[in-house]
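For reference, positions follow the sequence shown, starting with 1. Small disclaimer: the values here were computed from a predicted structure and weren't measured.
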Amino acid sequence: MFRRPLFSQWTLDRFFHALTYLLVTIGFSMLVLAEQLSALVLWIFLLPFCASFSSRLSQRFQLTVRQANFLTWLYLPLFVADMFLLSRSFVPATLHLILFVQLVKLYQPKGNRDYFYLILLSFLQVLAASSLTINISFFVGFLVFVLVCLAALMSFEMKRALQASLSRSKGLAIGTEDAHIQQPAELGLGLAEQRSAVGAILLVSSASLCIISVLGTALFFAIPRFGAGYFSRTLSKTLSLSGFSDRIRLGSIGIIQLDPSIVMRVRVNGDRKRFEGLKWRGVTLDHFDGRNWSKRVKGAPYSFPSGQVFKIREPGPSALVKYQVMLEPCSTSYLFTLDQILTLRGNVYPFIYDPSDDSIIARPHPFNRLTYQADSALPRGTVPVVEKAEISFQVKPAYLQLPRLDKRILDLARSVTFGAQSLEEKANKIERHLQTNYRYSLEPSQLEQPQPIATFLFESKKGHCEYFASAMVVMLRTLGIPSRIVNGFRASEYNDIGGDYIIRGKDAHSWVEAQCLEHGWQTYDPTPSSSETTTPRHPLLTTINNYLDAFELFWGEWVLGYDEVSQISLFRDLQEKVTRWADQGRRQFYKGAIGIQEALFAGSRGIIGFARQAGWKFPCLCAVLGVGGWLALRLYNGLKRQLLVKNAIRKGDGTLALHFYGEMLIFFRSKGKAKPKNLTPNEFVETFTNQLIRGEVERLTRIYNAMRFSKSCVSKDQIQQAHWILSEIKKLSKKGEAIF
């Protein structure tokens, strides 16, 4: 028994109807995924859409063509009101108009034109979703839409051509004398043919999607993207990073640390252990009024010519590291890099580089991801963070500025650093004191006090990193040590699947840079480790999240952030790999050719030596091996043929009977009796005079006709019988029976 096809109950018309409604569903779903419909609008359109899929409800509330046109024209004033009063935007109002027209089409009698309009409206919805979202879910939905759309258009064309053919046949029938003559069968498609057409359409659609994907991928990587689209500025989510600006309020970093959203992803080149514990600096602040930090010291900004590769400083003796940052849409214009940045690459022009604190302000990106690559120099030992042993006389007071403070802070700073000989030793003692005597906490309890730093040092003795860093800067300045606070991030979460660091809002951090005469600016982190325990994740959930994040990284890097820099880097990597593979292949080829040559020479010498020693026995041995090999090959072919025949008979493969008949014709041709092309199989049987052979040929021809022409089901017994008949014909020929 043969299995029934998957779509054995589907006619072409029913299949096209289902595909059209599936396209409507995909278009509506992609708008929902793009978050373009408010909750009220979603329910207003969702309920009628769901009801339209029920044939009973759609027929009960079916609209006439005149009613549908009237409702469409009636909606135009509402569209204007929606654009200026309700949505107050052209794009959402247009989407509502498209949904309304599509809904009206679903509830009216549908001809070919109406089905085509439904497909077109679904395409407009997908097009709008592509312009209004950067989520990776669009990619999956788009592939499904392309597959279904290809199948729907093929079905639509076949359905339209079939209807046109039937209309012409009716016209011919009416023009004849006998108008009730039945239409010719070949002008239409029967049920079996329609079911076969459904399977063929799905197969061709899948193959077309694969070809489109391959060609589209090649074109995709050949043409870089610029910007993030026109509509993205109205719809993308922006992270509020209030702790990264030229003026912030004490406690801003603590607010960011409560947000687990992803701020950026960093892909590092080389050994990732070199990046463990490193901090990603953003903004440096120097002026403190007791509650607010601000940036007053600004160096002469470096100006760079337009482009996408910017050389900031020459490399020194430090170790060079390369990394790529994919920064999510956020409210800050500061870029996050490692210390001592050397080169910056990416679509970040225009930007400002401040040499006084190694900070970079790029073009605003509140609605699109910003991807850039950078090279930095890792400090070795006591190499300063910013290579500048001294600060100018004019700038130094800014790094010693203090507001009106509690006198106990100065006493605390002196008691903690008692006995220290150097500035660096004093800084280390203050750092250890804060790490060991205070507790990390995200509670903003001291924000309402008149002097938050004094409250932190002498009363609560707990706080987040910003309080620790601010307290250390204040204590250092009371001792005459220039210092400043740095806000940035520290990476702790690494994705082994994507090979990137995932930096979230909770990874926001503040630390201190102090100017020591011995080694210049040095980094200190007085914040102790957090005692708050996190809920452990299940390993399976962690693995799934890592795979999802790796795909998100790929989507952002190669789809949204693929620009000229990425294109050049990709082609350069491909060129280097192709060159390396070519060199390796050339070496392997030469090595293999030399090995084969040596093996041939060694084998030839061995054969010649053996032949000389064996004498007359060598030709005899060669003859025995040749005959044995020929017999073994014939035995192998015979066993292989028997095995194939047995498997075909066991599976009921009727095409084997056709093969046996063709093999019989080949056998007769080798004997000098070829079948003429103008003779049918039955007429060819009449040309045999030997009754034994003619009877066998007639039996095999009968099985062949049953399979070839009547398309009847050939049983396993008939297949086995065809095999025996062919074998019997060959045996009779070997016994000397005359074929002619």
Side-chain angles (χ1 to χ4, degrees), residues 1-12 162 165 169 181-200 203 637-740:
M1 295 292 295
F2 294 95
R3 292 187 306 170
R4 299 179 68 182
L6 180 63
F7 294 93
S8 59
Q9 302 299 321
W10 286 71
T11 62
L12 190 61
L162 179 62
S165 177
S169 66
I181 294 179
Q182 189 177 2
Q183 303 171 29
E186 61 271 12
L187 290 178
L189 290 178
L191 263 182
E193 286 79 5
Q194 292 189 47
R195 294 166 186 168
S196 300
V198 169
L203 180 61
N637 290 333
L639 293 176
K640 181 180 179 181
R641 173 182 170 79
Q642 291 181 6
L643 182 62
L644 291 175
V645 170
K646 288 181 180 179
N647 289 335
I649 293 174
R650 178 173 54 83
K651 296 179 181 179
D653 188 2
T655 58
L656 193 62
L658 304 178
H659 175 74
F660 289 150
Y661 184 81
E663 190 173 342
M664 180 191 71
L665 296 180
I666 294 174
F667 172 73
F668 284 148
R669 190 184 302 116
S670 65
K671 298 296 182 179
K673 185 175 178 60
K675 176 182 176 296
K677 294 183 179 181
N678 58 344
L679 293 183
T680 64
N682 291 331
E683 292 173 346
F684 182 62
V685 173
E686 301 296 332
T687 61
F688 290 90
T689 57
N690 189 312
Q691 296 300 322
L692 291 176
I693 293 181
R694 177 176 177 174
E696 300 298 337
V697 172
E698 185 176 3
R699 292 170 59 195
L700 183 57
T701 302
R702 193 180 304 116
I703 298 174
Y704 168 77
N705 289 334
M707 179 64 192
R708 178 67 180 83
F709 297 105
S710 65
K711 295 185 180 180
S712 61
C713 184
V714 178
S715 64
K716 296 181 181 179
D717 294 337
Q718 289 177 311
I719 299 173
Q720 180 68 62
Q721 187 179 8
H723 179 243
W724 288 341
I725 292 172
L726 180 61
S727 301
E728 187 65 25
I729 291 174
K730 292 181 178 180
K731 289 179 182 178
L732 291 174
S733 176
K734 290 180 180 179
K735 291 180 180 179
E737 292 289 341
I739 297 177
F740 305 102

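Partners of Arg669 according to the side chain to side chain contact (heavy atoms under 4.5 Å, CB included) rule, which considers only residues two or more places apart in sequence or in another chain, are Ile666, Ala674. Residues that satisfy the side chain to side chain contact (heavy atoms under 4.5 Å, CB included) test with Glu698, not counting sequence neighbours, are Val685, Arg702. Scored by the side chain to side chain contact (heavy atoms under 4.5 Å, CB included) test, Leu203 finds no partners at all (sequence neighbours excluded). Remark: Ser727 pairs with His723 by the side chain to side chain contact (heavy atoms under 4.5 Å, CB included) rule, at least two apart or across chains. Listed by chain and residue number, nothing satisfies the salt bridge (charged side-chain N to carboxylate O under 4.0 Å, His left out) test with Glu683 (two or more places apart in sequence, or in another chain).
Across Tyr661 and Leu700, no two heavy atoms sit closer than the pair CA-CD2, 4.2 Å.
The aromatic ring centroids of Phe688 and Phe668 lie less than 6.0 Å from each other.
The NZ atom of Lys675 lies 10.0 Å from the NZ atom of Lys677; values are rounded to the nearest 0.5 Å. From Glu696, atom CD reaches atom CH2 of Trp724 across 12.5 Å, with rounding to the nearest 0.5 Å.
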